[in-house]
Each structure stands twice: as structure tokens, then as C-alpha cells.
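Here the structure is laid out as C-alpha cells; the discussion comes afterwards.
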2 protein chains.
Amino acid sequence: MAYQKLTPRSENYSQWYNELVVKADLAEQSAVRGCMVIKPYGYAIWERIQQSLDSRFKEQGVQNAYFPLLIPKSFLSREAEHVEGFAKECAVVTHHRLMNDPNGKGVVVDPNARLEEELIIRPTSETIIWSTYKNWISSYRDLPILCNQWCNVMRWEMRTRLFLRTAEFLWQEGHTAHASKEEAEDYARKMLDVYADFAEGVMAIPVVKGVKSPNERFAGALNTYCIEAMMQDGKALQAGTSHFLGQNFAKSFDVTFLNKENKQEYVWATSWGVSTRLMGALIMTHSDDNGLVLPPHLAPIQVAIVPIFKKADQLDAILEKINPIADQLKQLGIRVKIDTADNMTPGFKFAEYELRGVPVRLAIGARDLENGTIEIARRDTLTKETRAIDGIVEHISELLEEIQNNIYQKALNFRLEHTRKCDSWEEFKEEIQKGGFLECHWDGTAETEERIKEETKATIRCIPLDAPEEEGTCIYSGKPSHRRVIFAMAY
Amino acid sequence: MAYQKLTPRSENYSQWYNELVVKADLAEQSAVRGCMVIKPYGYAIWERIQQSLDSRFKEQGVQNAYFPLLIPKSFLSREAEHVEGFAKECAVVTHHRLMNDPNGKGVVVDPNARLEEELIIRPTSETIIWSTYKNWISSYRDLPILCNQWCNVMRWEMRTRLFLRTAEFLWQEGHTAHASKEEAEDYARKMLDVYADFAEGVMAIPVVKGVKSPNERFAGALNTYCIEAMMQDGKALQAGTSHFLGQNFAKSFDVTFLNKENKQEYVWATSWGVSTRLMGALIMTHSDDNGLVLPPHLAPIQVAIVPIFKKADQLDAILEKINPIADQLKQLGIRVKIDTADNMTPGFKFAEYELRGVPVRLAIGARDLENGTIEIARRDTLTKETRAIDGIVEHISELLEEIQNNIYQKALNFRLEHTRKCDSWEEFKEEIQKGGFLECHWDGTAETEERIKEETKATIRCIPLDAPEEEGTCIYSGKPSHRRVIFAMAY
């Protein structure tokens, strides 16, 4: 495979992204419209995301379970808002059998195998899960229920992009049931914190924690909490959501419990999810024109070692030196690959590891052996230095943490630099086109929000949880406002 | 929840199984016909199965990936035998949108949103994966490809049973591509060994490794290797399969590579899978009339500790003694639960842990505190003893391994006791009704196999890989045979 440069971000950001996803072997389009193939390298990153989140969920008392892929059509209509949000574009199963084509070769749908009620491939699972919880809950002693599932879901998107918007995607969806409003609302907030800590600590993606405006709420929720990240083109990406669902689904599926006062009450609910969309956020937050930049905590290969050799005996001498170092790194839990392939030049390998975002690359040749040195290259800064091989293990171990912190800090600085206050409508219309987050006063009405969206395509990303109280006037309507919200263009 | 006894196995084995799955909180039927809900306790066991298998796959060089849920209908027709095997009973997606019912409430399928080509929910993924591999493979240097995916699949079964046969089930499917026939065939054999080692070492299920007769082969395979286990009712359960697919799928999807001799050649393939059916095998191999019996290597809770107390200060005194022991056990990687609930009697708790198959249960009360003793109960033998609390940690650690070995040995003895040679058709017809494995001579023809199935419902489970050469005559046709095969009734 010949090495071709990526389209630079400054030239065409969208094309840069599309090329990077494919060239770095993360994912590709499949034969099925809008559905992606997640390739082994991309999936290895997703597995690290899963493992890290899964153990955080379990620390919160969450247990995994599995609910059906298919949902009876009628379930979607039970919750009035939910049906509006999710019943429109979805995959509908109508038959359960194929038969040989009576007119020739191939197979056709057997018209006699029509289902009595159509089934929908889950776009999200609140309905099927609450129809199940009905049988699990009778008393306050059965609560809380804290379940999560890792699964595939499907929404028939018209315009798809790898990871960012695909018809089928992978995600986790947590669904909890509680005996009180306070407990449920607290839990929704707590899971938002879990997401934010994970995004910042593991993915090195700084996020704003906030609450959605009513227009942007999940269909069926009373409150949607979210984490919003800023991509390098200044657009916002919603990286995770946690919903306080009130008693809406309990009422739709008649799920009640006997409370401590011996009275029947509807159960309180939350749901929360993150998806393979996080892969898109990861790519667009850190990567550069040379390719992927991976945070060490998620990189499937953290250190790539490239021996530089012409003959087999040279390779043997290098390996004798390098193998013990690789072993020591592995003992520290560091993921190392020694690349001894003899059908690619070192330069080609360097470019490959750069493209794939490997945080640290070591190179060692005959001269280094003589001098007791090794070349060490950082993916994040694209800097190289030659160091004494003594003490290299400790150095790499520290360097990986330094890189993790550095790319987080870089992304945070970028967001801070591209976040500004805006106080007039004229200014807003101009500034919003430049990208970034605009902190503005808003009158709190859906009408104003919709007008702004119509005129500029910008949306309220969230009302930050830490937004200070501040009196002001709405940039659009001039009506009074008590705090600023974040407007941005969004993925 | 009142504690109700299970129907004894001797009375109604099938009902015992159905009750056990539900009462032990493993799984239940969902609102969607044939699709199950896997409950948290059942899923926790499945997660251990996944983790253990996944690390074994990775030791074999396998990487995980993800391929689409939906398969274009035409793909299924590409491989002639495959379509016969899998295109019949499957979930067919025909539309991609719902709309509000013009005649009233609810939603209906939008007739304008019919797909040009119907999509099938994957019953297995050979077709979509080989259509993808076509783009990944051009030279021998691209081979081997060793991919696996953990996912859901769907086969529209008419008669379903939890775990054993469900319309939707979870599984892993490995799909490998190789440059030579020998390498592919070796790989299929190697994965069978991985499955067998896992089944015996982790699940404590003894298995016979064998190859399927042509009638029982996977649709599209040249050879299907399998592991067969014997359940307590003497029926066989196929616990995993590994297929050598030859060049069939490469030819159907035109996947060729330039070999070392610079010639285009079709790629060689394997596929291999195990599913949530393993949960059924686990339950039916070890459990008894009191409930589940779990091998310690898979048990989500390995040691349950029940303090016996009336007042809070009694509990405190017990916890003071017990907490350090629990901590020491946890440090050894042992999964411990201390059950301090005050709304259930100790007797109720004992029955619950028995029902859920927890391998070791400890009970400790005021008298024990005085005496420095503790009661220790084994789930596998249902025996109890009172021991000195000193040295209990080491004892439990050894005991868990002893239990693991004991239930394996018990299952192996059961299989050996219920496996016998059979040399005449009259004897066969009588013996096969008693259950167990019958080692018989067979003439090697599909016709004889079918006749035997028609007359007795018994099938050839496999030709054991270690079957010695032995001249004999077919029990049915009297024609010559060179080795014995295993006949049994099967799940």
C-alpha cells in the first residue's frame, strides 16, 4: 500500500476526516447503505473505551443485561413524545421467511410469512426495557434497578458519516428505575459525571457539562444532561447524554411499586448512553494532518519499536538489546509492538505509525547499538530526540502520561480560545460562522431557539451546569435572561 | 418472593430446566416471540464466558471487529448451499419508515418507504464478511486475516427454549482467511482445541471432539468440527463448531490473492462460533434439583458469607471478624459477597444461594464467634462442616479449585457411564431410547444416516477425532465400516 498524504484540515476538514478514518484502518462503508464495518484497529480502540466505561459503571452498582433487538411496533406509540422522536426513520421487520423465487433464481420474500405485528429494530430500548421492568418491580425493595446493555441500535439516517452518524451503531444504554424523583435525578447527574470523568481522563477530551434546552431533549425525557466537546473545526459534538425520564415510561408501561408508606406509586427512571460516535470525537479532537493522534490510555499500541537493519544478524543484535526493554515495558502494563517486518522500509513504518496515532515510536540501528542510544519520537508534538538507552523504560512510562496530559491540555486550550461571549444579534450572526462556542443570553423560549436555528443553523448546545447567574438580555428577543447558554454549530 | 421448590429432574427434566432458568434469575421470555431477556445474573456468567474466550482467541492472534447487522437479500443466494441452510427462516426488513396511522391512533408502516432490496437480519455473517474481505485482500502478504465479532444474530425458530434455541441469540463468530488449504484446515482444528480446552477447563463440561457427518455440516462448509457434550438426561448438546469452508465463500464473493508464485488463487476460509447456548449446556451439565451448580471459574459470586444475627451489635461483632477474611479472599481474586440484609432469614438466604449455584457459602453466628469457628457449605456436594476460622482463607482458595475439578469429574463420569458400544439394529432401537451416547459402526452414507434419524430421531453427533480404526459392519445396513461414530438424541 503506497503512502498517500491526507488532505490537510485547513483545505477540507470534512474530507480530512473521511480519509483519516479509512486510511488509519478504523472503519469503512459496508455493502449495506449507512452501515459501517469497524475494522480491527478501530475496534481495538472501541474495546478500550468499553472496558474503561464498563468498570466505571460497575463501580456505580450497575449490572449488565441484554434485552431484545426487536421491538413490537405498538410499543413505540405508548409514550407520546417518544414515538415522535424515534418511530419515523427506522428499520421495519415485516416478514420472517424467504423462499426460492418461483420465477427464476435467487430468493424472494415469502408472502405467507407476514408478521401479525411489525417489529422495529431498536433505535433505543426504553420501551422494551420498561415493558420488562413491569414484571421485575412490585415493592420499593425491588428498587433501584441499575441495568446497562452494550448493543447495536439502528436509526435510518439519510446522510451518514463513519462513526458520526451511521444507520447502525454500537453503544451502551443504561436504564435505571428508582423509588423517588430525587434519587432518579441524582443518578442521571451522577452518570453525567462518570461520562465527563471518562471523556477527560481517558479520552483526553475536555467537555462542558450541561443540560439541554427543551427543544434538544431526548424524546420522552423531563431533563437531558449532556457533555459537549469542541472539535478542531470549532463545531460542537455531543459526546454523551443522561436523561431524567420522570415517570413517563413507568406510566406508559404501567410500572408501579408499593412504597414504604404502603401506597402504589409510579417508578422513576433514567437512561444514559454513549456510542461509537465517541470514536468520531476522539479523531476530531486530537488528530492532525499526518494522521491519528491517540491518547496513550486508549492506544492499542502505545510504543512501536522499529529496528533499523539490513541483514538478519544486525536484527538479531538489535533484538538482543530491545527484547528485554520491551519485556520491562510490558511488565508495567505498557502495550508494545516490535516491528521486524523486512518488506517495508523504516520510513514507511514511521509514516504508518504516525498515521495510526501510536503515541511513542522508538527507532534503533547499528550506530545506536554502538553508542548505547535510541531514537524516541513523540506523536503528539512530532518531536524526536536521541537518548541513552539506560533509563529508557522509566522515561517512556513517564512520557506516556505526559503525552496524555499534553493532548488534553492542548484540546482544552483550543476550546478556551474558541469560546467567547457574544451580546448582540448582529455580532452573533457573524461570529457563529467562525465556529467555536458562543456564550449568550437567551430568553428561555423554544420559539427564540427555533428562530435562531432557522436563521443561522446554530443550536443551543447546553446550559452549562456551572454557568454563573448573570442578568442580561436575550441576543435575539432582547427579553431578560439570568444566565448564558452555549450556542454553536454542531455535528 | 416465596421460595418454591423446583420440579425434580426425575419427574420432568424439561420443566426442571425451564423453571431453573427463570427462578435462578438467568433469563426470561420477552414480549417479542422467541427473543429472551438475559437478566443481570445470567449476563454476569455470560460476561465471564466472553472474557475467558476472548483472551484465548487473542492468544491465537485473533482481532475483534464489527460487521453490519443487516445483509442484502441477494448475498444469501451467492453460496448455493448456504442459502438452503440460512435463507429460510429469517427476519426480513422491508421498510425504513413508520408514519402516523391516517385512520386513527398509533403508527403504521409507510408504504412509500419500501426498500429497493430487502435486508435480512444476519443469521450468521459469512456473506457480509466475505464481501468485505474482497477489498482487504490482494496479496499473500495480506493473509492470514483472523477476525472475530461478538454480536447478536437471528434465526426465526418455530419452537424456542431459553438459551437452547431462541430467535435472537448472542454469540461470537470468527472468520479467518488463509493462503493455503492446509493452513485453513489447521486453523479450524486449532480453534476446536481452544473451544474444548475452554469448555473443560473453565465450564467444567467434558466434551468429545469430533467431525460432523456430511448431513450435519454447516451450510457451505467442507468440514465441520464440533465439541459435543452430554446433558444429565443423556441427550447430546453441540457446544461449539469450527468450520473449514474451503474456497466456497471466496468463490461466491470473488476473493482472490496473488500467491508467492505470482498466481491468482482463491482464498481459503474458516469460521467458528459458540453462543449463549453454552449457558444451556452449563445449566444442564451441573445443576441439581436444588438449583444451579456453577463452576467456580464462572461463578459471579464464588463465596457468599451469611452473618447470623438478631441485633445490630451482633452483626457488628461478626463483621469485625468477617471483613478482614473477605478482604483477604478478594486479594486472591476471589469474588465474595457478604449478605447483611435484615429482611430475609438466614434459611431463606441459604436457599437463594443454593438456587443460584454459589459454590461456597459461609455462615457465622454468635456461637461461632465464641468458638473461633465458621460453617462452610459446598454447593456441589451439599455438605457442610464447621471449621476453625484460622486458615479459612487458604482452605477456601483450595476448596474452589477442588469444586471446579469435582464437578468436571462428576460430569465426565456421568458421560463415561452413559456411553456404550452398540452392534445391532435391534439393540440400537432399544438403547437409544434410554439416552446417552451409542458408539456404533456406520457405513458412511447420508442415506443410512437419514433412515436411522427417521426411525429413531437419533443423529450422528460426530465422528470422534480420536476414534480408533476398527473394522466392523454398519448397524443399519450391515455394510463395512472402519470406525465407530457417536449416535445420540440431541438438543
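Only a predicted model underlies this, so the values are computations on that prediction, with no experimental measurement involved. Protein chains get the first letters and strands the later ones, always in sequence-line order, with residue 1 at the start of each.
- With respect to chain A, the highest number of heavy-atom pairs below 4.5 Å among B:Asn343, B:Leu76, B:Ile128 belongs to B:Asn343.
- A donor-acceptor pair under 3.5 Å links the side-chain atoms of A:Lys73 to the main chain of B:Val107, judged by distance alone.
- Neither the backbone nor the side chain of B:Trp46 comes within contact range of chain A; no heavy atom of the residue lies under 4.5 Å from a heavy atom of that chain.
- The line from CG of B:Leu69 to CE of A:Met154 is 5.5 Å long, rounded to the nearest 0.5 Å.
- Heavy-atom distances place the side chain of A:Asp54, and not its backbone, under 4.5 Å from chain B.
- The shortest heavy-atom contact between B:Pro40 and A:Gln63 is CB-OE1, 3.5 Å.
- Side chains of A:Glu47 and B:Trp150: no donor on one and acceptor on the other come within 3.5 Å.
- Contacts classified as ring pair (Phe, Tyr, Trp, His ring centres under 6.0 Å) and involving residues 95-115 of chain A (residues at least two apart or in different chains) are given here: A:His96-B:Trp156.
- Of residues 108-121 of chain A, those residues lying under 4.5 Å from chain B by any heavy-atom pair are A:Val108, A:Val109, A:Leu115, A:Glu118, A:Leu119, A:Ile120, A:Ile121.
- By number of non-hydrogen pairs under 4.5 angstrom with chain A, the leading residue of B:Ser138, B:Ala27, B:Ala65, B:Ala91 is B:Ala65.
- The candidate from A:Val92, A:Ile129, A:Thr132 with the greatest count of non-hydrogen atom pairs under 4.5 Å with chain B is A:Val92.
- When the candidates B:Asn64, B:Leu170, B:Val32 are compared by the number of heavy-atom contacts under 4.5 Å with chain A, B:Asn64 comes out ahead.
- Contacts of A:Thr94 with chain B are made by both backbone and side-chain atoms, with heavy-atom separations under 4.5 Å.
- Contact annotation for B:Cys147: only side-chain heavy atoms (C-beta onward) come within less than 4.5 Å of a heavy atom of chain A.
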